[in-house]
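Input: a single structure, listed below in structure tokens.
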Amino acid sequence: MKKMVPKRNLIIGLSLLILMFLAAFIIEGESKSKEKSEKEKEDIFYYVNHKETIKYSFPNRPFDTIVTLEGIGWQNGKFIAVFETKFLNDTYYSYMPRFFSPTLEYKNKKYILVDKLWTEGALDGYKGSISRYAVTSKRSVFPKDFWPEKITVMGTEFTIPDPTSKNTEVPTFKGEKEHLYTINKSIAEDKLTYKIQSLTTNQGGGQLSLIIDSKDENLKEQNIFLLRDDQSRIYTFKKSSLPSVYQKGENTYIFELNQPVPKDIKTLEFLKFEDEFLQSHLFTSSNERSVVIIENY
């Protein structure tokens with residue numbers, strides 16, 4: 001005859017198993033909470049807001065850029081710096097990226113911050129356009145208590161005062177999630193009409209759908225196309241997606257964006273202009289036409 005296990009012992013055993021499971025769950029939760037708390041303490045950002053005018057090293061370059069060192073800090077154990085650049089010209093266009101790699105010294109060695117964490121807007125320059133980016137070093141060479149006296153950009157020194165304010169939330173890029181905007185806007189010219197149909201945004205960039213109506217056969221396209229938002233950030237398109245020659249009648253195109261659109265936009269306009277070569281990476285612009293495709297977002 002089999003010996004039966006008392007019901008009381010079975011209940012006690014199950015209770016112990018449940019208690020052990022709950023204890024493990026609580027310990028794991030406390031461990032994750034502690035790790036998150038420690039990470040938040042490590043991620044620190046100090047605002048500096050130091051502005052300097054930087055000139056490109058190209059000979060006879062007729063434009064400058066205002067570079068603002070917004071701040072410095074540490075993220076995931078790495079030293080980071082956030083910059084804003086503003087293109088100082090109302091008539092020129094340049095596809096030369098306005099990305100400046102800052103240099104700083106530590107223990108008598110120079111280090112260049114070249115790894116981009118994120119960018120906001122295209123680094124091209126057009127009519128006072130603005131872009132932002134964050135850079136860091138390839139290796140974690142700087143201790144958390146390291147405070148540089150200066151950062152050098154293209155030979156210009158940005159002096160860094162002792163920290164007066166602190167923000168544990170390090171600036172990050174917040175892009176527009178995937179969204180479809182239905183648009184019914186157009187730009188009409190003598191022989192070409194640009195009909196914007198829709199804009200699709202996503203974390204990687206997006207697509208602008210157009211129908212371009214041509215009155216002539218084999219009409220060549222001679223314009224530069226951009227998007228520009230209410231904060232003077234511009235967005236460029238992949239060259240492979242842009243038209244070169246139109247057939248007579250309606251031509252359908254999908255312009256592919258190179259940059260994602262930030263979440264904080266209020267208005268967005270489509271613009272086109274003619275360009276004329278001036279010197280290396282620099283063009284004069286003329287005959288600009290534009291139309292707002294998103295407003296009161």
Side-chain angles (χ1 to χ4, degrees), residues 65 70 75 80 82-87 93-101 114-136 170-187 194-212 221 223-244 246 251-273 275 281 283 285 288-297:
T65 302
E70 291 190 7
Q75 186 176 38
I80 69 167
V82 177
F83 286 89
E84 177 191 274
T85 62
K86 182 176 182 179
F87 186 75
Y93 166 70
S94 174
Y95 61 83
M96 180 73 178
R98 291 168 298 123
F99 172 70
F100 302 93
S101 298
V114 295
D115 283 4
K116 288 196 292 288
L117 296 174
W118 50 263
T119 59
E120 205 174 85
L123 296 175
D124 304 43
Y126 182 67
K127 289 191 175 183
S129 62
I130 290 174
S131 59
R132 294 175 70 231
Y133 58 86
V135 288
T136 185
V170 180
T172 59
F173 175 77
K174 297 177 181 178
E176 175 74 275
K177 294 181 180 180
E178 188 163 342
H179 189 84
L180 173 64
Y181 298 90
T182 301
I183 302 167
N184 185 21
K185 299 290 183 70
S186 63
I187 296 176
Y194 303 83
K195 303 174 183 177
I196 301 97
Q197 305 295 299
S198 65
L199 172 67
T200 302
T201 59
N202 54 53
Q203 296 289 340
Q207 297 178 330
L208 187 72
S209 177
L210 303 91
I211 295 176
I212 302 173
E221 180 58 78
N223 288 278
I224 298 291
F225 301 98
L226 299 172
L227 295 183
R228 180 170 56 194
D229 67 20
D230 53 287
Q231 297 185 42
S232 296
R233 294 169 298 199
I234 60 173
Y235 309 91
T236 61
F237 299 101
K238 294 179 181 179
K239 289 184 179 180
S240 59
S241 68
L242 299 177
S244 57
Y246 299 112
N251 300 260
T252 301
Y253 284 92
I254 295 178
F255 292 6
E256 297 181 9
L257 278 166
N258 284 313
Q259 302 84 21
V261 177
K263 288 179 65 176
D264 62 353
I265 64 166
K266 294 181 180 178
T267 62
L268 191 66
E269 64 177 328
F270 171 77
L271 61 91
K272 55 176 284 298
F273 57 89
D275 66 317
H281 307 294
F283 301 82
S285 63
E288 179 187 307
R289 296 287 305 278
S290 65
V291 60
V292 174
I293 58 175
I294 296 176
E295 55 187 335
N296 300 323
Y297 175 74

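In what follows, every heavy atom counts, from backbone to side chain, and hydrogens, waters and symmetry copies are set aside.
Between G175 and Q203, the shortest heavy-atom contact is O-NE2, 3.7 Å. Closest of all the heavy-atom pairs between E221 and P243 is CB-O, 3.7 Å. When all heavy atoms are compared, the tightest approach of I234 to D124 is CD1-O, 3.8 Å. Across every non-hydrogen atom of L123 and S131, the tightest pair is CD2-OG, 3.5 Å. Between Y235 and A122, the closest heavy-atom pair is CA-CB, 4.3 Å. Contact between S232 and G128 at its shortest, heavy atoms only, is CB-O, 3.9 Å.
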Open item on the list: If you apply the rule side chain to side chain contact (heavy atoms under 4.5 Å, CB included), what do you find for V135 with S101, and how did you get there?
Closed with: CA-CA 8 Å; V135 288; S101 298; over 6 Å; no
Task: Stepwise side chain to side chain contact (heavy atoms under 4.5 Å, CB included) test for F237 and L227 - done: CA-CA 9 Å; F237 299 101; L227 295 183; 3.7 Å; yes
Task: Evaluation steps, side chain to side chain contact (heavy atoms under 4.5 Å, CB included), between I130 and T85 - done: CA-CA 6 Å; I130 290 174; T85 62; over 6 Å; no
TODO: List the steps and the verdict of side chain to side chain contact (heavy atoms under 4.5 Å, CB included) for F255 and L199.
DONE: CA-CA 9 Å; F255 292 6; L199 172 67; over 6 Å; no
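You'll find the side chain of R233 reaches within 4.5 Å of the side chain of D264, heavy atoms only. Residues L208 and I254 are not in side-chain contact: their nearest non-hydrogen atoms beyond the backbone lie 4.5 Å or more apart. Looking at heavy atoms from C-beta onward, L117 lies in side-chain contact with Q75 at the 4.5 angstrom threshold. The side-chain heavy atoms of L210 and F270, taken from C-beta on, include a pair separated by under 4.5 Å.
Without hydrogens or angle criteria, S241 side chain to E256 main chain gives a donor-acceptor distance under 3.5 Å. Looking only at distances, no side-chain donor or acceptor of N251 sits under 3.5 Å from a matching main-chain atom of Y246. The backbone N or O of F173 lies less than 3.5 Å from no partner atom in the side chain of E120, so there is not a single donor-acceptor pair. In this structure, D275 contributes its side chain and S285 its backbone to no donor-acceptor pair below 3.5 Å. Panel note: side chain T201, backbone K177; a donor-acceptor pair is recorded below 3.5 Å.
Aromatic pair F99/F83: ring centres not closer than 6.0 Å. Aromatic ring centres of F273 and Y93: separated by under 6.0 Å.
Counted within 6.0 Å of NZ on K86, heavy atoms from surrounding residues, nucleotides or ligands total 12 or fewer; the atom is thus considered open. Within a 6.0 Å radius of NZ in K238, no more than 12 heavy atoms belonging to other residues, nucleotides or ligands are found.
Within the model, atoms CZ of R228 and OG1 of T267 stand 9.5 Å from one another, a figure rounded to the nearest 0.5 Å. Interatomic distance, S244 OG to K239 NZ, rounded to the nearest 0.5 Å: 13.0 Å. If you take OG on S198 and CD1 on I293, they are separated by 9.5 Å, rounding to the nearest 0.5 Å. The CG atom of L271 sits 8.0 Å away from atom CD1 of I187, with the distance rounded to the nearest 0.5 Å. With values rounded to the nearest 0.5 angstrom, T200 atom OG1 is found 4.5 Å from L180 atom CG. From L268, atom CG reaches atom CD1 of I183 across 8.0 Å, with rounding to the nearest 0.5 Å.
Among Q231, E84, E70, the single residue meeting the side-chain hydrogen bond (donor to acceptor under 3.5 Å, both in side chains) criterion with R132 is E70.
Side-chain contact, E288 with Y126: a donor N or O sits under 3.5 Å from an acceptor N or O. Between the side chains of T65 and R98, no donor N or O sits under 3.5 Å from an acceptor N or O.
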